[in-house]
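Working notes, beginning with the structure itself.
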Amino acid sequence: MKIAVTYDNGEIFQHFGRTEFFKVYEVENNQIVSSEVIGSNGTGHGALAGLLAEQGIDVLICGGIGGGAQEALGEAGVELCAGAQGDADEAVKAYLNGELVSTGANCDHHQHEEGHSCGGHEEGGSCGSCKGGCGSALTGKNVGKTCRTHYRGTFNDGTQFDSSYDRGEPLEFICGAGQMIRGYDAAVADMEVGEIREIHLMPEEAYGQPDPNAIFTLEIAQLPGSEGLTVGQQVYLTNQYGQPFPVKVAAKDETTITFDANHEMAGKELNFKIELVEVK
């Protein structure tokens with residue numbers, strides 16, 4: 001069995017489509033017997049999925065990954081464990097011990113709002129981590145530059161879900177660096193300062209489609225503090241590296257609780273009015 005991890009200086013690299021290295025682990029009898037670091041030999045979902053298939057990789061452990069990459073890996077017969085962070089070696093050990101849960105997470109960026117861990121539970125949640133944002137490299141004069149934009153986001157029925165205008169502060173990000181959802185990044189890539197553009201994004205250009213692998217069930221006894229959670233509540237769980245990730249309580253009975261780690265915007269069409277304020 002071979003396991004590959006997107007790799008950067010000992011850590012799990014968080015952008016599958018742009019990883020320069022994989023660390024490949026040879027596993028026998030559920031134990032690591034050897035490992036080596038290999039170059040990615042190019043970028044793009046098809047090229048990377050093809051490389052992994054040629055190397056005989058059975059499982060890929062990674063951080064952020066887009067829908068197109070997931071499809072390419074599926075076609076190549078590579079099992080995916082997404083949303084992992086931290087030390088690469090420890091992640092592989094956790095996978096072999098059955099302790100690494102794939103969250104189905106894509107690029108975990110966009111706007112990060114305050115949350116909470118399993119212990120002090122409050123309702124909440126907002127447009128937070130991005131799905132569907134990982135893709136092939138963008139082109140445009142603003143790519144690689146720090147951009148500041150005002151925006152207003154609405155659903156198809158006109159309901160507003162977010163607005164930088166209401167906060168009075170433009171959103172700052174590096175265009176094309178995977179910090180924003182794909183469609184937003186692509187729109188800003190060739191805009192002029194002062195230009196206002198309105199865009200309509202399908203789920204594949206925004207937060208992706210819901211991933212059934214991001215829904216998982218735990219024993220309540222194994223998760224102290226979960227007794228008081230209710231269906232529909234949004235909380236943060238902590239992975240084995242002490243890093244939080246947001247989930248919603250999808251179901252609960254006397255002994256088990258089911259969480260959904262899909263982004264709340266997964267599967268939704270989104271509309272944005274974007275104003276490019278500054279490029280630097």
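- Between Lys23 and Asp89 there is a salt bridge, since at least one side-chain N of the basic residue sits less than 4.0 Å from a carboxylate O of the acidic one.
- Here CG of Asn97 is found 12.0 Å from OH of Tyr95. Values are rounded to the nearest 0.5 Å.
- Put simply, the side chain of Ile3 does not reach to within 4.5 Å of the side chain of Asp58, judged on heavy atoms.
- Looking only at atom types and distance, the side chain of Glu275 has a donor-acceptor partner in the side chain of Tyr165 under 3.5 Å away.
- A cation-pi contact, defined as under 6.0 Å to the ring centre and within 45° of the axis, links Lys268 to Phe155.
- Here Leu80 contributes atom CG and Ile61 contributes atom CD1; the two are 9.5 Å apart, rounded to the nearest 0.5 Å.
- Using a distance-only test at 3.5 Å, with no hydrogens or angles considered, a donor-acceptor pair links the side chain of Lys2 to the main chain of Gln55.
- Distance check: Asp260 CG to Ile215 CD1 gives 4.0 Å after rounding to the nearest 0.5 Å.
- Looking only at distances, no side-chain donor or acceptor of Tyr184 sits under 3.5 Å from a matching main-chain atom of Ala187.
- Between Lys280 and Glu172 there is a salt bridge, since at least one side-chain N of the basic residue sits less than 4.0 Å from a carboxylate O of the acidic one.
- Asn271 places no side-chain N or O within donor-acceptor distance of the main-chain N or O of Gly153, the cut-off being under 3.5 Å.
- In this structure a side-chain-to-backbone donor-acceptor pair under 3.5 Å is present from Asp185 to Gly176.
- With Glu90 contributing its side chain and Asp87 its backbone, the two residues share no donor-acceptor pair below 3.5 Å.
- Less than 6.0 angstrom separates the ring centroid of Phe161 from the ring centroid of Phe272.
- Val92 and Met1 fall within a single hydrophobic cluster, where Ile, Leu, Val, Met, Phe, Trp and Tyr are joined by side-chain heavy atoms under 4.5 Å apart, directly or via other members.
- No donor-acceptor pair under 3.5 Å is formed between the side chain of Thr149 and the backbone N or O of Ile274.
- Counted within 6.0 Å of CG on Asp253, heavy atoms from surrounding residues, nucleotides or ligands total more than 12; the atom is thus considered enclosed.
- Connection of Ile199 to Ile196 is not established within any shared hydrophobic cluster, with ILVMFWY side chains joined at heavy-atom distances below 4.5 Å, either directly or through further cluster members.
- Between Gln14 and Asp8, the side chains place no donor N or O within less than 3.5 Å of an acceptor N or O (distance only, hydrogens not considered).
- Within 6.0 Å of CG in Asn29 there are 12 or fewer heavy atoms belonging to other residues, nucleotides or ligands.
- The pair Glu169-Arg148 meets the salt-bridge criterion, with a side-chain N (NZ, NE, NH1 or NH2) lying under 4.0 Å from an Asp/Glu carboxylate O.
- At distances below 3.5 Å, at least one donor-acceptor pair connects side-chain atoms of Ser164 with backbone N or O atoms of Tyr151.
- Within the 3.5 Å criterion, the main-chain N or O of Phe13 finds a donor-acceptor partner in the side chain of Thr6.
- A salt bridge links Asp190 with Arg197; the closest basic N to acidic carboxylate O contact falls under 4.0 Å.
- The 12-atom threshold is exceeded at CD of Glu26, counting heavy atoms of other residues, nucleotides or ligands nearer than 6.0 Å.
- Leu51 and Val78 fall within the same hydrophobic cluster, where Ile, Leu, Val, Met, Phe, Trp and Tyr residues are linked whenever their side-chain heavy atoms come under 4.5 Å apart, directly or through other members.
- Residue-environment remark: CD (Glu227) exceeds the threshold of 12 foreign heavy atoms within 6.0 Å.
- In this structure, Leu52 CG and Glu54 CD are separated by 9.5 Å, a value rounded to the nearest 0.5 Å.
- With hydrogens and angles disregarded, a donor-acceptor distance shorter than 3.5 Å links the side chain of Gln233 to the backbone of Thr230.
- At least one side-chain heavy atom of Leu223 sits less than 4.5 Å from a side-chain heavy atom of Phe259.
- Across Leu171 and Met180, no two heavy atoms sit closer than the pair CD2-CE, 3.3 Å.
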